[in-house]
Protein chains: 2
Amino acid sequence: MATYCYDYPHPAVTTDIALFTIIGDKLAILLIRRRSPPFQDSWALPGGFVDSDECLEDCALRELAEETGITGVYLEQLYTFGKPDRDPRERIISVAYYALAPADILSPIAGSDAAEVRWFAFDALPDLAFDHRDVIVLAQQRLRAKLDYSTVAFSLMAETFTLGELQKVYEIIRGESLDKRNFRKYILSLNLLAESGETQQGCNHRPAKLYRLAQPGTLHYIR
Amino acid sequence: MATYCYDYPHPAVTTDIALFTIIGDKLAILLIRRRSPPFQDSWALPGGFVDSDECLEDCALRELAEETGITGVYLEQLYTFGKPDRDPRERIISVAYYALAPADILSPIAGSDAAEVRWFAFDALPDLAFDHRDVIVLAQQRLRAKLDYSTVAFSLMAETFTLGELQKVYEIIRGESLDKRNFRKYILSLNLLAESGETQQGCNHRPAKLYRLAQPGTLHYIR
DNA sequence: CATATTAGTGTATCTTATACACTTAATCTC
DNA sequence: GAGATTAAGTGTATAAGATACACTAATATG
């Protein structure tokens, strides 16, 4: 194998991705079971080393795809973790990203570096490799804060969704129940939703109108 | 010189620091003139390579002290810049920090890697090395946003200050003038200030009461 | 002693956020 | 198919917070 030499020590750089979705009525996060040491067989965030010619965001998307098969998520840089001893092998600095995807995303498939891939409820995480628990906690705080001043929550919705489903997502992330009428007033006042024209199918109650984003893929800031 | 070899390419990692203060009635930022290539003689943010056993924040504080002599600032991680070609020498990933200090801080003194150190008005920046203009623009946006939901502005104040001086700082960062009575009502309602008991000296008008932080060094979040 | 300069103070109005309950449309069960 | 069950859908009154606004007070200067 080739070796790469430098005049002074260089750390390795990785990206790690905290991908959230909503499953049932819980916030869930995607973890992989590590195939190799260190922390072999431990659960960890997907992620890996930055290639020499790719930018950080591309690395995060590539690692997520390689290890879990998931693509097309909303992705945002979170924080860079760099304590000298956070990896037992060598100095590794990790640029952490958080990502959001609708729950109807294709089921994850374990890739090369992962023995297993699974969604875990945020409130029932297993022991985690490295400092990945810190990463997840910070990501969840960011998500909750951003709910108040942006439209991040829409990235957790399928292409069409009901206002009830959207309210549920807000309630899960904020950890408190919301008034239905006030919530709908607020959301509709943003003028970011359009009625799809369809209604919900196959529910044992009055079917709700389906909405879609007026400008899909755009993150808006409120206030 | 020793060489350090790895099985696959490692990027270099630096920190860069965007240190803001208020000078006169302008937002100002500290720049150094680079002593060595690349971008020799260009203005740039202070910063430098992460030592193998120091954490990222320590690196930022050390580089700031070494290159400019300034210590004791408020420091917060901003964003990590990692485009593959952002440095012509080799792959360099930079963890950017922004920092705040009161204007009465000791004058900066050029250190080893800096031929010169100077404050520049934010609205009159020179040409900058690397992607440092992007860093500064992002830092200013973060500062402005954070003004609304935290007490960052207090980090720009001297130990004691008048409400008029504090209002001036808010006006400069927000780029608009504020109503005096409403501003005072808002600031005092936070219950974070204590009267020092002293008043301003040597001004050719009614002297203002001096205030200090009730809990110095603590950042508070509003709302 | 008149002028200039900034400090310091209160209220009325507008805007936004909150609290709150019933009717509707579908499915399910007996 | 009648009644029960479930979530959808809708408006108003009140409370809280944000905004607009003008004069008097204390010091220095000429």
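Both backbone and side-chain heavy atoms feed into the values below; hydrogens, waters and symmetry mates do not. Below, chains carry the letters A, B, ... as their sequence lines are ordered, and counting in each starts from 1.
Here A:E57 contributes atom CD and A:L75 contributes atom CG; the two are 5.0 Å apart, rounded to the nearest 0.5 Å. In this structure, OH on A:Y97 lies 12.5 Å from CD on A:E63, to the nearest 0.5 angstrom. Note that the CG atom of B:L78 and the OH atom of A:Y79 stand 11.0 Å from one another [nearest 0.5 Å]. A:E76 contributes atom CD, which lies 9.5 Å from atom OG of A:S155 (distance to the nearest 0.5 angstrom). Rounding to the nearest 0.5 angstrom, the gap separating the CD1 atom in A:I29 from the CG atom in A:L125 is 6.5 Å. With rounding to the nearest 0.5 angstrom, the CG atom of A:L138 is 11.5 Å from the CG atom of A:L143.
Without hydrogens or angle criteria, A:R86 side chain to A:I92 main chain gives a donor-acceptor distance under 3.5 Å.
As a whole-Å value, the separation of A:R184 CZ from C:dT24 C1' is 12 Å. Remark: P of C:dG8 and CD of B:E165 are 11 Å apart, rounded to the nearest angstrom.
Applying a 4.0 Å cut-off to non-hydrogen atoms, the residues of residues 168-181 of chain B that approach DNA chain C are B:K180, B:R181, listed by residue number.
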Considering only distance and modelled atom types, tabulate donor-acceptor pairs under 3.5 Å from the side chains of residues 201-212 of chain B, sequence neighbours left out.
from	atom 1	to	atom 2	distance (Å)
B:Q201	NE2	B:T199	O	3.4
B:K209	NZ	B:E195	OE2	3.3
B:R212	NH1	B:E159	OE2	3.0

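Residue A:L100 comes nearest to A:V152 through the heavy atom pair CD1-O, 3.7 Å, listed as atom of the first residue, atom of the second, then distance. Of all non-hydrogen atoms in B:L45 and B:H132, the two that sit nearest each other are N-ND1, 3.0 Å. Nearest heavy atom pair, residue A:L178 against residue A:Y170, reads CD1-CB, 3.8 Å.
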Would you list the protein and nucleotides 12-18 of chain C atom pairs, both N or O, that sit under 3.5 Å from each other?
from	atom 1	to	atom 2	distance (Å)
C:dT18	O4	A:K185	NZ	3.2

Report each atom pair, protein N/O against N/O of nucleotides 25-30 of chain C, whose distance is under 3.5 angstrom.
from	atom 1	to	atom 2	distance (Å)
C:dA25	N3	A:R206	N	3.2

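Taking a heavy-atom distance under 4.0 Å as the criterion, the stretch of DNA chain D touched by chain A extends 5' to 3' from D:dT6 to D:dT12.
Judged as a salt bridge (Lys or Arg N to Asp or Glu O under 4.0 Å), and not counting sequence neighbours, B:R184 has no contacts.
Looking only at atom types and distance, the side chain of A:T80 has a donor-acceptor partner in the side chain of B:T80 under 3.5 Å away.
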